[in-house]
2 protein chains.
Amino acid sequence: MEPTPQTTMSPEGPTLRIRGVNGWFPPFPSSPADQATVPSTDLVQLADISTVRTLAPGQMLYAQDEDATCLFLIRSGIVRISHLTVEGRRHILAFHWQGDLCGLMDEGRYVNSAAALCETEVLAMPRDRLHGLLLTQPLLQNEFLVKAAAELRNTQRMLVTVSGTDAAHRMASFLLECTHHADHYDPATHVVTLFADRRDIADYLGLSGETVSRALGQLEQIGLIRRNSAREIAIEPDALRIYVEH
Amino acid sequence: MEPTPQTTMSPEGPTLRIRGVNGWFPPFPSSPADQATVPSTDLVQLADISTVRTLAPGQMLYAQDEDATCLFLIRSGIVRISHLTVEGRRHILAFHWQGDLCGLMDEGRYVNSAAALCETEVLAMPRDRLHGLLLTQPLLQNEFLVKAAAELRNTQRMLVTVSGTDAAHRMASFLLECTHHADHYDPATHVVTLFADRRDIADYLGLSGETVSRALGQLEQIGLIRRNSAREIAIEPDALRIYVEH
DNA sequence: CGGACGTTTGAATGGACTCAACGCACGTGG
DNA sequence: CCACGTGCGTTGAGTCCATTCAAACGTCCG
């Protein structure tokens, strides 16, 4: 490819995401009106510089340490963001949904890996062209800023949860989180359909797969959930909410 | 130019200086030139909408759940960002330094609390006026986006560290982190001057104060550090780096 | 010299981990 | 239709690490 003029030590971009579902929040919005006003022309131009990619279940979107060329905006599906430590431990930092951004990079390389959990469509936005576009479209850039702040907020919450509560409480939090995704929760029957296997949930909550099982058993014994099958969990939303808040 | 007395945005306070220390990075810099190019007019305008506040050691900058009116840019000193859970557990999410932003909010209220650890100067930027300014100054907004991404990256790193390693390794990471702050590390003698007490370090690393002590003892026994006093730690930087990477 | 506070150290408890076996659902082939 | 294999989930036993409660130690300041 073309040699980058001078790369210097200038690193790169961020991962950003907003989870449209659950009442996320703008970080610096002066008024609700303002925040809604991303002109459709901006979006058209965003589409102009981007390409659409479709991922099969399990397919990797990008890999940790790989040269970062694009940021990604998720149009549908679920993306799992994971990080591998030098000791070989895998951490899942987030699950991303429609409307979320991903592709956080440092020094021109992706910091984490991203893979689709199910059939997933993303918008691939070349880094350079996106940067140029953001500088000419302040409202669009503001949208990105909002998403970044939302993602930061999410990661902070995760940090507090993981380092502050025991296995059962983390599992309860996770189940309530699942509740916000329409495709995986039936409000009528209160049944959650888990979109990740035990190993993924464990790596997300900072536990082992066995402990996730035991935590589910514990919650079931207290009567907060009932396991219809490994992936189908009937929950008591209100009781669960009270439980996580101790 | 009107002589705002103290608001001399000139000395180190002027540019939104990217925290050079520990792996900070711009997100979408197309070229090194671009990233440096926050026009000084932007900074003047930023100063115009802001006021300077000076905090005494221990003084609170803002409190969790309080109405959020301002974002803050730190000009000097150290700010401790903490979050209190409903169960009464306190988590320290970050220590912020010169050039860092703080004041993350949700639904118009601060998500966390912020307090100064030592005499600290901040620029208080009213939310509404800042929002307006960012929309008219794309380079400035991009600077904010860079900082948000950097902060996200940092929080992710913290998450991985806290949920993946034992007390001694977390402590070692923290000591190396201290190394990046000139005022608290002497490269000649390899002595780190801790800027937080045991309790704060514990809440930052997801440990108890006693465990922090024991972790220090452990590192000392291996010969990676030597405790001159409670706050003065002589370290073996290279050995420590090898240790944290297992 | 004596509090007061922060730090260190000790002993006992508890929670999560590892290792291992077992159960269960699904698919394949006989 | 049953025998078998495989992948995932669950359950059990033992170990290790961090926590809690408690006491001793220092250091700074009265």
Side-chain angles (χ1 to χ4, degrees), chain A residues 57-58 80 85 87-92 117-118 161-175 192-222 225-234 243 246, chain B residues 57-58 80 85 87-92 117-118 161-175 192-222 225-234 243 246:
Chain A
R80 179 192 65 208
T85 66
E87 309 105 40
R89 190 178 268 271
R90 188 187 70 153
H91 292 263
I92 293 181
L117 285 190
C118 57
T161 300
V162 162
S163 87
T165 70
D166 66 10
H169 281 81
R170 291 184 220 179
M171 194 61 222
S173 293
F174 180 68
L175 288 172
V192 168
T193 305
L194 297 177
F195 52 84
D197 62 23
R198 294 293 183 270
R199 177 77 199 292
D200 280 354
I201 297 173
D203 288 350
Y204 181 56
L205 299 177
L207 299 169
S208 69
E210 294 92 328
T211 301
V212 169
S213 261
R214 280 185 260 264
L216 284 169
Q218 210 172 325
L219 293 175
E220 192 166 28
Q221 211 155 14
I222 318 176
I225 69 170
R226 193 166 44 81
R227 282 181 282 193
N228 296 342
S229 73
R231 295 283 190 124
E232 305 270 331
I233 317 274
Y243 178 75
H246 218 187
Chain B
R80 179 193 65 208
T85 65
E87 309 104 41
R89 190 178 269 271
R90 187 187 72 152
H91 292 263
I92 293 182
L117 285 191
C118 57
T161 301
V162 162
S163 86
T165 69
D166 65 11
H169 281 81
R170 290 183 221 179
M171 194 60 223
S173 293
F174 180 67
L175 288 171
V192 168
T193 305
L194 297 177
F195 52 85
D197 62 22
R198 293 293 182 270
R199 178 77 199 291
D200 279 355
I201 297 174
D203 287 351
Y204 182 56
L205 299 178
L207 300 169
S208 69
E210 294 92 328
T211 301
V212 169
S213 262
R214 280 185 260 265
L216 284 169
Q218 210 172 324
L219 292 175
E220 191 165 29
Q221 211 154 16
I222 317 177
I225 69 169
R226 193 167 43 83
R227 282 181 283 194
N228 295 342
S229 73
R231 296 282 191 124
E232 305 270 330
I233 315 274
Y243 179 75
H246 219 171

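Below, chain A is the first sequence line, B the second, and so on; all start at residue 1.
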Worksheet item: Whole Å only: how far is the CZ atom of B/Arg214 from the P atom of D/dC17?
Response: 13 Å
Item to complete: Please round to the nearest 0.5 Å and tell me the distance separating atom CZ of A/Arg90 and atom CG of A/Asp203.
Response: 4.0 Å
Worksheet item: Closer than 4.0 Å, any side-chain N/O of B/Thr211 to the OP1 or OP2 of D/dA18?
Response: no
Worksheet item: Atom CD of A/Glu232 to atom C1' of D/dG9: distance rounded to whole Å?
Response: 15 Å
Fill in: Any B/Arg170 side-chain N or O less than 4.0 Å from OP1/OP2 of D/dA18
no
Worksheet item: Do any of residues 195-210 of chain B sit with a heavy atom less than 4.0 Å from DNA chain D, and if so which?
Response: B/Gly206, B/Leu207, B/Ser208, B/Glu210
Fill in: Contact residues, residues 161-169 of chain A to DNA chain D [heavy atom, < 4.0 Å]
none
Worksheet item: Between A/Leu117 and A/Phe195, which heavy-atom pair has the shortest distance, and what is it?
Response: CD1-O, 3.6 Å
Worksheet item: Could you state the interatomic distance from OH (B/Tyr243) to CD1 (B/Ile222), rounded to the nearest 0.5 Å?
Response: 4.5 Å
Item to complete: Could you check how far CZ of A/Arg227 sits from P of C/dG23, rounded to whole Å?
Response: 16 Å
Worksheet item: A/Arg170: what forms a side chain to side chain donor-acceptor pair (under 3.5 Å) with it, not counting sequence neighbours?
Response: none
Worksheet item: Got a sec: does the CZ of B/Arg226 have more than 12 other heavy atoms crowding it under 6.0 Å?
Response: no
Discussion item. Checking the side chain of B/Arg198 only, and the main-chain atoms of B/Ala230 only, is there a donor and an acceptor separated by less than 3.5 Å?
Written reply: yes
Response to the item:
Here the distance between atom P of C/dC17 and atom CD of A/Glu87, to the nearest Å, is 16 Å
Item to complete: Mind listing the closest non-hydrogen atom pair of B/Ala202 and B/Ser208 along with its distance?
Response: CB-C, 3.5 Å
Practice prompt. Report the distance from atom CE of B/Met171 to atom C1' of D/dC17, rounded to the nearest whole Å.
Written response: 18 Å
Practice prompt. Please report, rounded to the nearest Å, how far the P atom of D/dT10 is from the CG atom of A/Asn228.
Written response: 12 Å
Item to complete: Would you name the heavy atoms of A/Thr211 and A/Ala167 that are closest together and state the gap between them?
Response: CG2-CB, 3.5 Å
Discussion item. Would the distance check show the side chain of B/Arg231 and the main-chain N or O of B/Thr193 forming a donor-acceptor pair, the cut-off being under 3.5 Å?
Written reply: no
Practice prompt. Using whole Å, report how far CD of B/Glu220 lies from C1' of C/dT9.
Written response: 13 Å
Item to complete: Please report, rounded to the nearest Å, how far the C1' atom of D/dT10 is from the CZ atom of A/Arg231.
Response: 15 Å
